[in-house]
Amino acid sequence: MAAAGWLRRAASAVAMPRLPSGSSIMPAPPPAPLPEAQSLVLPGHGAAIAPAMELMAVPKKKISKYKRGLRNGPKALKPVPVIVRCRCCGRVKLPHFYCCSGERGNTGDSSS
C-alpha cells in the first residue's frame, strides 16, 4: 500500500507542475492542430492510400535454403504406389514384387 501512495504522489507531481505562489506565469497554450495530411494518389490506380499505412511483420533474418527445406520437407507430394494385377493369378500387387511362381491357375497349391 505504501508503494501505491508513493506512485500516486509521483504521478500527480509529473502531471501538474507547481508554480510559485506569487508568479503570474501562465502555461503555454496547446499547439494549433496541424492540417490533415493529404492522401497520396498513385497514377493508374486512382485509389487514395491512407496517410498512416499499417505496418506489417518483417522477418529479422533471411531463412537459409537448408532451414526452409527442413521445414517444408514433410509438405512435399509423396509418390503414390501403382497397384497392378499379377498376370498369372490375378491378385493385386505392387510392381516389381514377387506374387506367384508364374504358373497360370496355380495359386500356390502344391497338388499333383
Side-chain angles (χ1 to χ4, degrees):
M1 289 293 177
W6 172 82
L7 186 59
R8 197 176 306 121
R9 283 192 302 270
S12 65
V14 170
M16 299 282 292
R18 295 184 184 187
L19 297 174
S21 60
S23 68
S24 61
I25 300 174
M26 295 295 293
L34 297 174
E36 288 189 31
Q38 296 178 357
S39 61
L40 175 66
V41 178
L42 296 176
H45 289 77
I49 298 176
M53 298 178 70
E54 294 187 27
L55 297 177
M56 297 185 67
V58 179
K60 288 188 175 184
K61 288 192 212 174
K62 180 181 178 180
I63 304 294
S64 68
K65 292 179 184 177
Y66 175 75
K67 293 280 188 179
R68 189 176 60 208
L70 285 178
R71 185 179 69 240
N72 294 334
K75 298 177 189 175
L77 292 176
K78 307 295 187 287
V80 177
V82 178
I83 299 175
V84 296
R85 291 198 173 266
C86 176
R87 290 184 297 160
C88 299
C89 63
R91 284 193 231 167
V92 176
K93 70 178 189 79
L94 294 175
H96 306 288
F97 276 71
Y98 177 77
C99 176
C100 59
S101 63
E103 299 172 13
R104 290 190 182 265
N106 191 1
T107 60
D109 308 320
S110 58
S111 61
S112 20

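Here the structure is a predicted model, which means the values were calculated and not measured.
Other residues sharing the hydrophobic cluster of Leu55, ordered by chain and number and joined by side-chain separations under 4.5 Å: none, the residue standing alone. Summarising the hydrophobic clusters (Ile, Leu, Val, Met, Phe, Trp, Tyr; side-chain heavy atoms under 4.5 Å, direct or chained), the residues clustered with Leu77 are none.
Note that the NZ atom of Lys93 and the SG atom of Cys99 stand 6.5 Å from one another [nearest 0.5 Å]. For the atom pair OH (Tyr98) and SG (Cys86), the distance works out to 9.0 Å, reported to the nearest 0.5 Å. Note that CD1 of Ile63 and CG of Asn72 are 10.5 Å apart. Values are rounded to the nearest 0.5 Å.
Sorted by first and then second residue, the side-chain hydrogen bond (donor to acceptor under 3.5 Å, both in side chains) pairs with a member in residues 60-69 form an empty list; sequence neighbours excluded.
Between the side chain of Arg85 and the backbone N or O of Gly90 there is at least one donor-acceptor pair closer than 3.5 Å. With hydrogens and angles disregarded, no donor-acceptor distance shorter than 3.5 Å links the side chain of Lys75 to the backbone of Arg71.
Contact check for Val84 versus Val82: side-chain heavy atoms found under the 4.5 Å cut-off.
With a 6.0 Å radius and a threshold of 12 heavy atoms from other residues, nucleotides or ligands, Leu70 has its CG atom above the threshold.
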